[in-house]
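Comments concern the structure below.
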Amino acid sequence: MRRPSSPWSSVLLLGVAAVLVPVAAMADAPSPRRQAELRHLLEQDCGSCHGLTLKGGLGPALSPSRLTGRDDDFLIDTILFGRRGTPMPPWGHELTRDDARWMVDHMRTR
Ligand code: HEC
């Protein structure tokens, strides 16, 4: 006959989940190698419009102060889908959402 599972097994499960969930969230960040590629893309491609140091050019500055208060998803969508009617092109064909999210985090903290 099976014993009903003890309440301790759910405590144990919760403990395991508490450890695994943050690890899973980190797994979404681009690899260090991909991050180097993204940094290169930011300087070379994005920099051609936003300025080599992203201080602005044809496109606006992508500096931490200028991005303060702007919604992450709004900025990520701008990168992935571009802005219709402006020179900002869509990058969704070469960037994943996680890539774009990493770039926005990078712009906010650089
Ligand atoms: C051909 C020129 C061009 C290139 C290349 C370009 N952008 Fe842009 N970008 C623009 C322009 C122009 C705007 C402003 C659009 C507007 O007027 O709303 C813009 C807007 C943005 C914004 C929104 C800024 C804000 O304050 O709302 C982000 C974020 C952004 N670009 C990121 C990038 C990233 C990341 C890359 C490279 C992957 C890139 N851009 C490449 C021209 C460019």
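Ligands are counted one by one from 1 in listed order, and the atoms in each one are counted from 1 as well. As a basis for the values below, the full set of heavy atoms in this structure was taken, side chains included, without hydrogen atoms, waters or symmetry mates.
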What atoms of ligand 1 come closer than 4.0 angstrom to any heavy atom of [X]?
X	answer
R70	25 (C), 26 (O), 27 (O)
T86	15 (C), 16 (C), 17 (O)
R66	25 (C), 26 (O)
M107	35 (C)

Sidechain N-carboxylate O distance under 4.0 Å for R83, D77:
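Answer for the salt bridge query: no.
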
Would you give the length of the straight line joining atom [atom1] of [X] to atom [atom2] of [Y], rounded to the nearest 0.5 angstrom?
X	Y	atom1	atom2	value
L62	C49	CG	SG	10.0 Å
R66	H50	CZ	NE2	9.5 Å
W91	D45	CH2	CG	4.5 Å
R34	T96	CZ	OG1	6.5 Å
L95	I76	CG	CD1	11.0 Å

Under 3.5 Å between some N or O of ligand 1 and some N or O of D45?
no

Check whether any N or O atom of S48, backbone or side chain, sits under 3.5 Å from an N or O atom of ligand 1, and answer yes or no.
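The answer is no, given that S48 and ligand 1 share no N or O pair closer than 3.5 Å.
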
What pairs with R108 under side-chain contact (heavy atoms from CB on, under 4.5 Å), at least two apart in sequence or on another chain?
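Result, side-chain contact (heavy atoms from CB on, under 4.5 Å) vs R108: L67, D72, L75, V104.
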
So, for M107 and L54, which heavy atoms are closest and what is the spacing to 0.1 Å?
CG-CD1, 4.4 Å

Check M103 against L38 and note the closest heavy-atom contact, atom names and distance.
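Nearest pair, atom of M103 first, then L38: CE-O, 3.8 Å.
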
What protein N/O/S atoms are found closer than 2.8 Å to atom 8 (Fe) of ligand 1?
H50 NE2, M88 SD

